[in-house]
Amino acid sequence: MARSVTGRLIWLFSCILGGFAPCHAEIRETSVWWLPRNVNMFGHEIDFIFYVILWLTGVTAVAVFSVMIYFIVKYRAKPGVPAIHSHGNNALEVIWTTIPVFIFLALAIYGNEQWTQMRLRTPPAEALPVAVVGEQFGWNVRYPGPDGKLAKMSAEKVSKENPFGIDPADPDGRDDFTTYGELVFPVGRPVRLYLSSKDVIHAFYVPEFRLYQDMVPGRVYDFVWFKAEATGHFQLACNQLCGQGHYKMFGKLSVVPETEYEAWAKGKAPATTARTKDSRSTPVALAGR
Ligand code: CUA
């Protein structure tokens, strides 16, 4: 029997969704319909303020709409009943203006304090420095070698051939290694990011870290840091519409035990090369060695 148009559409969408389901599950391990799980130490406060605001506005919305619908029905036009003209109630106005003012002030003060903790405090000295430079359409990533130090980045030096804007003679950079779109972080250790962009505005966004930071060309952002509290595989997604390939600008991000991180880092060659968009098969020389 021939299917109806609706039946065909449902069948088609089921196939499409069915096809996407496995890759979706890989990106988002749990909680597909709600917030992804949080693995960053700063994420708890962000989730807390999110739920506070959600409950405040949710309860208010239900209360306001319930009263409104009740009054609309109760005081609807009836034959023979004249309309009452009301000038309002000053005491009520003052009360329902004052309460939200204090709620907003409390949210602003709490939010500001959390922001200060996350972005304005100096990252811990033992933090692992990692540089991430966005480009159309991928991520250049630079890790420190055994010396634990990253070559100094300067936004003025960033170019196609030198995505990290480093001085090739910088001794701290001799043992650095780079990856393209592959990020591995040790669990339980602070990580300090050095973010920049080669071309247009990109954004470093990891929902599971509750971490979002725009990357504007001409600047190096050195104040973003986090500490992952659990291991797992996540996706680094660019969150600024940066061109035709924006949709595919993602990186593979893993949080692993420290020993596993050490083993991974050891297996990476020092940064004598850097991959750029035009040179994936033939890496160009970066740090002179
Ligand atoms: Cu880079 Cu969108």
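For the single chain, residues carry numbers from 1 onward in sequence order. Note that ligands are numbered from 1 as they come in the structure, with each ligand's atoms numbered from 1 the same way. Nothing here was measured: the structure is a model prediction, and the numbers come from that model.
- For the side chain to side chain donor-acceptor pair (under 3.5 Å) test, no residue two or more places apart in sequence or in another chain qualifies with Arg219.
- Around atom 2 (Cu) of ligand 1, the protein N, O or S atoms closer than 2.8 Å are Cys238 SG, Gln240 O, Cys242 SG, His246 ND1, listed by chain and residue number.
- Listed by chain and number, the residues in a ring-ring contact (aromatic ring centres under 6.0 Å, His included) with Phe250 amount to none (sequence neighbours excluded).
- The aromatic rings of Phe42 and Trp225 lie perpendicular to each other, with more than 60° between the two planes, well past the 30° mark.
- When side chains are defined from C-beta on, Pro186 does not count as touching Val256, because their heavy atoms never get closer than 4.5 Å.
- Every residue meeting the side chain to side chain donor-acceptor pair (under 3.5 Å) condition with Gln213, not counting sequence neighbours, appears here in chain and number order: Arg119.
- Taking the charged nitrogens against the carboxylate oxygens, Asp172 and Lys152 have no contact shorter than 4.0 Å, which rules out a salt bridge.
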